[in-house]
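Heads up: the structure comes next, in structure tokens.
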Amino acid sequence: MKPLEDKPIKPASFFDALVPISVLICLLGAAVYLFGDNSSSGPNQIALLFATFAAALIGLKNGYTWKKLEQAMIEGITLSLGAILILLMVGALIGTWLLSGTVPTLIYYGLQVINPSWFYAASCLICGIVAMSIGSSWTTAATIGVALLGVATGLGLEQTVTAGAVISGAYFGDKLSPLSETTNLAPAVVGADLFEHIQHMLWTTVPSFVIALIIFIVMGFNATASSEAGRIDEITAILQQNFNIGFEMLIPLIVLLVLAIKKMPAFPAISIGAVVGAVWAMLFQSDLIASQIDVSQGQLVGYFKLVWTTFFDGFSINTGDDKMDSLLSGGGMAGMLTTTWLIMTALMFGAIMEKTGLLDIFVKSILKIAKSTGSLIAATIATCIGTNVIAADQYIAIVVPGRMFKDEYKKRGLKPVNLSRTLEDGGTITSPLIPWNTCGAYMQSVLLINPFDYALYAFFNLINPVLAVVYAYLGIKILRITPKQSA
């Protein structure tokens, strides 16, 4: 009898590919309708699980064994373990930086120097500079982004617009930084040089960022800050009453930035940043800690227990002002577990779709209608966006379309940097706009704003893919392989 493993695999049909996609779209839509902003706290995960089961059933029908499908899911989850470790440690970092006074100090000085009329543009530019320096949109959002949202609260400005500015700046800097994982991944997948890739991206990335900055400047001048000077004074007074405020509180941030610039991997760098935050808390926030500890086991034990708790359960404070309590409380590894769950279920679904060839079905269908260079690049961007929606991870949205379109670009005489730039324009940039994508889930966990709410204001992320398509159809900066290069 022929072993089950050797059963021939039946090619997937377009209808096969539509089944799990339809299940996912219907269930995600129902989750948003029924649960609203809480859809990412469990409902979306269930939707992804059922869509994964639907894809697995298609795979079984076509001859795949459950063992192979299960192995694909395990490998998919394995790909996310590095991101999950970083995510958990970011939770610890936010908690210790709240307790240490690092985030409150950033908010305090931000309220002193940033004018409401140019706050949105300044937020975007600051995040862009920091992300370009350290190569991480995630770290930028979790540190500078969180502080800027606090400043926005103090100035009475829109949280969703501020989040959009933070996302725009963070992804602009991340995209152009040679330290960024995605910036290195895209050219590696297609066989392009890293710095040629970055240089080629400037043509679509810089104009998109300038347009976004102009929009934020206009919005800032037309924004009405709901908080008067009295409210700002009230907030700064609360910060001073509850925390020791001073430039020395920014040392944990400086340490983290230096480690990132020195190219230390993200997980150990963020871990060190969290530990430095804990040490700074014990050194400089003794009064705050003393007001929160249980002294029944002794003061030293109480100090140690509170700091330990901050790592896994975050920090909580009662200032007498509900809005400030919400602003100054949070973090902890436990707060990241829902996001971890979402990432795992999303990558399980993406892995099954790729293993069973269901993603490839859509690409082959697209290539049939992508006759011109403009339509090919537009199709690549659409595929990257679709992969971000379906596979729910920016790395998959770069690697899978990159592998699928690489030969087609070469066949049409297009240099690899055209594809690597397009992968970033469509894959990297759109990932934080999708709530169930790993990037969207992460941003919601640290900024506490649903991607559906800030997506309309993430102007850079919205403009960049559109401008890339415009360039493609107009033939602007589309580089072709010369006979010498193809030889």
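Index from 1, following the sequence. Just the heavy atoms: all of them, side chains too, but no hydrogens, waters or symmetry mates, feed the values below.
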Any side-chain donor near an acceptor of the partner, N388 and T430, under 3.5 Å: yes
Point-to-point distance, once rounded to the nearest 0.5 Å, from OG of S100 to CG of N244: 11.0 Å
Check: L176 and T183 side chains under 4.5 Å, non-hydrogen atoms: no
Name of the residue among I434, N437, I25 meeting side chain to side chain contact (heavy atoms under 4.5 Å, CB included) with V389: I434
Whether N318 side chain and G320 backbone form a donor-acceptor pair below 3.5 Å: yes
Parallel, tilted or perpendicular, as decided by the 30° and 60° cut-offs, for the rings of Y109 and F247: parallel
Q240, CD: over 12 other non-hydrogen atoms inside 6.0 angstrom: yes
Minimum-distance pair of heavy atoms, taken over all atoms of A56 and I352: N-CG2, 3.8 Å
Close side-chain approach of L337 to M333, heavy-atom, < 4.5 Å: no
Full working for side-chain contact (heavy atoms from CB on, under 4.5 Å) between M348 and L48: CA-CA 8 Å; M348 285 171 59; L48 284 161; over 6 Å; no
Taking every non-hydrogen atom, the tightest pair across C127 and I144: SG-CG2, 4.1 Å
Parallel, tilted or perpendicular, as decided by the 30° and 60° cut-offs, for the rings of F459 and Y457: perpendicular
Trace of the side-chain contact (heavy atoms from CB on, under 4.5 Å) decision for Y442 with T438: CA-CA 6 Å; Y442 172 85; T438 54; over 6 Å; no
Listed partners of F50 passing side-chain contact (heavy atoms from CB on, under 4.5 Å), at least two apart: L27, I46, F53
4.5 Å side-chain heavy-atom contact, I272 and M264: yes
Check: Q292 and I317 side chains under 4.5 Å, non-hydrogen atoms: yes
Heavy-atom closest contact (P207 atom, L467 atom, distance): CB-CD2, 3.7 Å
Determine all donor-acceptor pairs shorter than 3.5 Å in which one atom belongs to a side chain in residues 210-218; sequence neighbours excluded.
none

Side-chain donor/acceptor of T102 to backbone N/O of M249, under 3.5 Å: yes
Between CZ on residue F460 and OG on residue S208, distance to nearest 0.5 Å: 6.0 Å
Point-to-point distance, once rounded to the nearest 0.5 Å, from CD1 of I270 to CD1 of I94: 9.5 Å
Side chain to side chain contact (heavy atoms under 4.5 Å, CB included), paired with M443, selected from P432, P435, P451: P432
K355 and Q71, any side-chain heavy atoms less than 4.5 Å apart: no
L155 CG to L148 CG distance, which is reported to the nearest 0.5 Å: 10.0 Å
Least distance between heavy atoms, P104 atom then W97 atom: CD-O, 3.8 Å
Parallel, tilted or perpendicular, as decided by the 30° and 60° cut-offs, for the rings of W436 and F452: perpendicular
Neighbour count >12 (heavy atoms, 6.0 Å) for atom CZ, F311: yes
Minimal non-hydrogen separation, L99 against A281, with atom names: CG-CB, 3.7 Å
Derivation of the side-chain contact (heavy atoms from CB on, under 4.5 Å) call for T345 and T52: CA-CA 8 Å; T345 53; T52 300; over 6 Å; no
side-chain hydrogen bond (donor to acceptor under 3.5 Å, both in side chains) partners of residues 158-176, not counting sequence neighbours, each pair once: S137-D174, T153-Q159, D174-S180, D174-T182, K175-T205, K175-D425, K175-N464
Side-chain heavy-atom pair L328, V103 within 4.5 angstrom cut-off: no
Enclosure of W203 CH2 (heavy-atom neighbours >12, cutoff 6.0 Å): no
Close side-chain approach of F35 to N44, heavy-atom, < 4.5 Å: no
Nearest heavy-atom neighbours spanning A131 and A170: CB-O, 3.3 Å
Gap separating the CD1 atom of I21 from the CE atom of M353, nearest 0.5 angstrom: 3.5 Å
Steps toward side-chain contact (heavy atoms from CB on, under 4.5 Å) verdict (T319, Q241): CA-CA 9 Å; T319 66; Q241 288 168 8; over 6 Å; no
Euclidean distance, C124 SG relative to F119 CZ, rounded to 0.5 Å: 11.5 Å
Close side-chain approach of L157 and Y120, heavy atoms under 4.5 Å: yes
